[in-house]
Amino acid sequence: MTTDDILYSIQNLSVEYETRLGAVRAVDNVTFDIKKGEVLGLVGESGCGKSTMGKALLRMIEPPGRIISGNLLFDDIDLMDLNDAKMREYRGNRIGMIFQDPMTSLNPVQNISDHLTEAMLTHELYGNEKDARKNAEELIDRMGIRPERIDDYPHQLSGGMRQRVMIALGLALNADLIIADEATTSLDVIVEAQFLDLLRKLRDEFDLTIILITHNIGVVAELADRVAVMYAGRIAELGNVYDVFGEAMHPYSQGLMQSVPNIRLEEGDSLYKMAGEPPNLLQPPAGCRYHPRCPQVMDICSREVPSFRAGKKDHYVSCWLYEDHPGQSANPSGGTP
């Protein structure tokens, strides 16, 4: 991968939330790149830091949370160096976000036209309300909503239509990167399939780069080019979706893949369930954070953090199974060291 291929480079990013019991490190020293024009799936259990990561990329972490370290290089500009006024030029204009629940993200006393035209006029994309409204009508028409519905209020729309309005808001300012945070959670399977088809078409039409934050492994398999697996605030594995899903290297990734419902299960077979539960990030375990649950744990796992390194081309993993260390004469899993 060359630097020309990279739209957003996240380097050593850490985010903390202050609580009355102490600091919670929700994102811990995370580094990865986002390629131009790709769909990157970000998966993991609840509480692993996915949504915090998405908000951090827009510098939308609010107190008691804060970004404590790291660099956010978007098109070679470090967003961490920008003041609030300059950062507003990137939010929406360059980086858009589709939030989890459109019913709570949309203002119930504003109609759809108000939502879209306000964003366009605030960011001075159009000089007058007439032009902004015309573009808003064209935009929701592309989303599969009849233009005459533009004066409807959120409660008058179905869940799928509200989600399409959220996509339209993300696209209204011609953003280069869209962060979709659990965008399919409230949708039924038919509307979800339509939503994924729409995202695929929009990526091709607008040359979008998309970060898809989700619990749904099937959605990532359907749409993503690459996938990053998060656990307890860190990236456990990152690679091509076919490599990670087909030959997962990290024991946590392997557990996630085995936990997906499978129509090939025979009668009497039970669905795999990972032992244990995610750690308390007020007092995270030392070393690899997955080691208390890992079926392949070694002594070193509880003492030192493994590096994030390439197992093979563009397939990265943070696991002691793939690193030489005292007491390990061979790779127990047979993977590429």
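Position 1 is the first residue of the sequence, and the numbers go up from there.
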May I ask you to check whether over 12 heavy atoms, not counting those of [X], lie within 6.0 Å of atom [atom1]?
X: Glu205; atom1: CD; answer: yes
X: Glu18; atom1: CD; answer: yes
X: Glu138; atom1: CD; answer: yes
X: Glu247; atom1: CD; answer: no
X: Glu148; atom1: CD; answer: yes

Does the [X] side chain pair with the main chain of [Y], one donor and one acceptor, at a distance under 3.5 Å?
X: Thr122; Y: Glu118; value: yes
X: Glu16; Y: Arg66; value: no
X: Thr31; Y: Asn12; value: yes
X: Asp225; Y: Val39; value: yes
X: Trp320; Y: Glu304; value: yes
X: Arg162; Y: Leu157; value: yes
X: Lys50; Y: Gly44; value: yes
X: Asn93; Y: Glu89; value: yes
X: Thr19; Y: Leu21; value: yes

For residues [X] and [Y]: do they belong to one hydrophobic cluster (side chain heavy atoms under 4.5 Å, members Ile, Leu, Val, Met, Phe, Trp, Tyr)?
X: Val317; Y: Val297; value: no
X: Ile68; Y: Met53; value: no
X: Phe308; Y: Val305; value: no
X: Tyr322; Y: Ile300; value: yes
X: Leu73; Y: Met87; value: no

Any chance you could lay out the side-chain contact (heavy atoms from CB on, under 4.5 Å) test for Ser259 and Lys273, step after step, and finish with the verdict?
CA-CA 6 Å; Ser259 300; Lys273 180 181 178 181; 6.0 Å; no

[X] side chain near [Y] side chain, heavy-atom distance below 4.5 Å:
X: Leu57; Y: Leu72; answer: yes
X: Arg142; Y: Lys201; answer: no
X: Ile140; Y: Arg164; answer: no
X: Leu40; Y: Leu238; answer: yes
X: Asp114; Y: Asn111; answer: yes
X: Lys35; Y: Arg226; answer: yes
X: Met274; Y: Glu45; answer: yes
X: Leu169; Y: His115; answer: yes

Applying side-chain contact (heavy atoms from CB on, under 4.5 Å), run through Arg203 and Leu223 and close with a yes or a no.
CA-CA 10 Å; Arg203 176 183 66 170; Leu223 192 65; 5.7 Å; no

Can you tell me how far apart [atom1] ([X]) and [atom2] ([Y]) are? Round to the nearest 0.5 Å.
X: Met298; Y: Gln296; atom1: CE; atom2: CD; value: 8.5 Å
X: Leu106; Y: Gln163; atom1: CG; atom2: CD; value: 9.0 Å
X: Glu38; Y: Ile34; atom1: CD; atom2: CD1; value: 7.0 Å
X: Thr117; Y: Asp131; atom1: OG1; atom2: CG; value: 12.0 Å
X: Arg59; Y: Ile95; atom1: CZ; atom2: CD1; value: 10.5 Å
X: Ser318; Y: Glu323; atom1: OG; atom2: CD; value: 7.5 Å

Can you name the one residue among Phe74, Tyr90, Phe32 that meets ring-ring contact (aromatic ring centres under 6.0 Å, His included) with Tyr8?
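It is Phe74; the other options fail the test.
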
Not counting sequence neighbours, which residues clear side chain to side chain donor-acceptor pair (under 3.5 Å) with Asp151? List them please.
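For Asp151 the side chain to side chain donor-acceptor pair (under 3.5 Å) partners, ignoring immediate neighbours, are Arg133.
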
Going by side chain to side chain donor-acceptor pair (under 3.5 Å), name the residues that satisfy it together with Asn240, two or more places apart in sequence or in a different chain.
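Partners of Asn240 under the side chain to side chain donor-acceptor pair (under 3.5 Å) test: none.
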
Salt-bridge present ([X], [Y]; N to O < 4.0 Å):
X: Asp84; Y: Arg91; result: no
X: Asp81; Y: Lys86; result: no
X: Asp75; Y: Arg94; result: yes
X: Asp28; Y: Arg25; result: yes

Between [X] and [Y], a side-chain donor and acceptor under 3.5 Å:
X: His315; Y: Glu237; answer: yes
X: Ser51; Y: Glu182; answer: no
X: Ser9; Y: Asp33; answer: yes

Option passing side-chain contact (heavy atoms from CB on, under 4.5 Å) with Met161 (candidates Arg146, Gln156, Arg149, Met143):
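Considering Arg146, Gln156, Arg149, Met143, a side-chain contact (heavy atoms from CB on, under 4.5 Å) with Met161 is found only for Arg149.
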
Can you pull out every ring pair (Phe, Tyr, Trp, His ring centres under 6.0 Å) where at least one residue sits in residues 221-262? Sequence neighbours excluded, please.
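Output for this query lists Tyr231-Tyr252, Tyr231-Tyr290, His250-Tyr290, Tyr252-Tyr290.
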
CA sep, side-chain torsions, deciding dist, call: Leu212, Leu42, side-chain contact (heavy atoms from CB on, under 4.5 Å)
CA-CA 6 Å; Leu212 196 61; Leu42 191 59; over 6 Å; no

Measure across [X] and [Y] and return the closest heavy-atom pair with its distance rounded to 0.1 Å.
X: Ile10; Y: Val30; answer: CG2-O, 3.7 Å
X: His291; Y: Ser302; answer: NE2-CB, 3.4 Å
X: Ala132; Y: Met120; answer: O-SD, 3.4 Å
X: Asn216; Y: Thr214; answer: N-OG1, 2.8 Å
X: Ser46; Y: His215; answer: OG-NE2, 2.9 Å
X: Arg200; Y: Glu222; answer: NH2-OE2, 3.2 Å

Full working for side-chain contact (heavy atoms from CB on, under 4.5 Å) between Tyr17 and Leu281:
CA-CA 10 Å; Tyr17 290 94; Leu281 293 182; over 6 Å; no

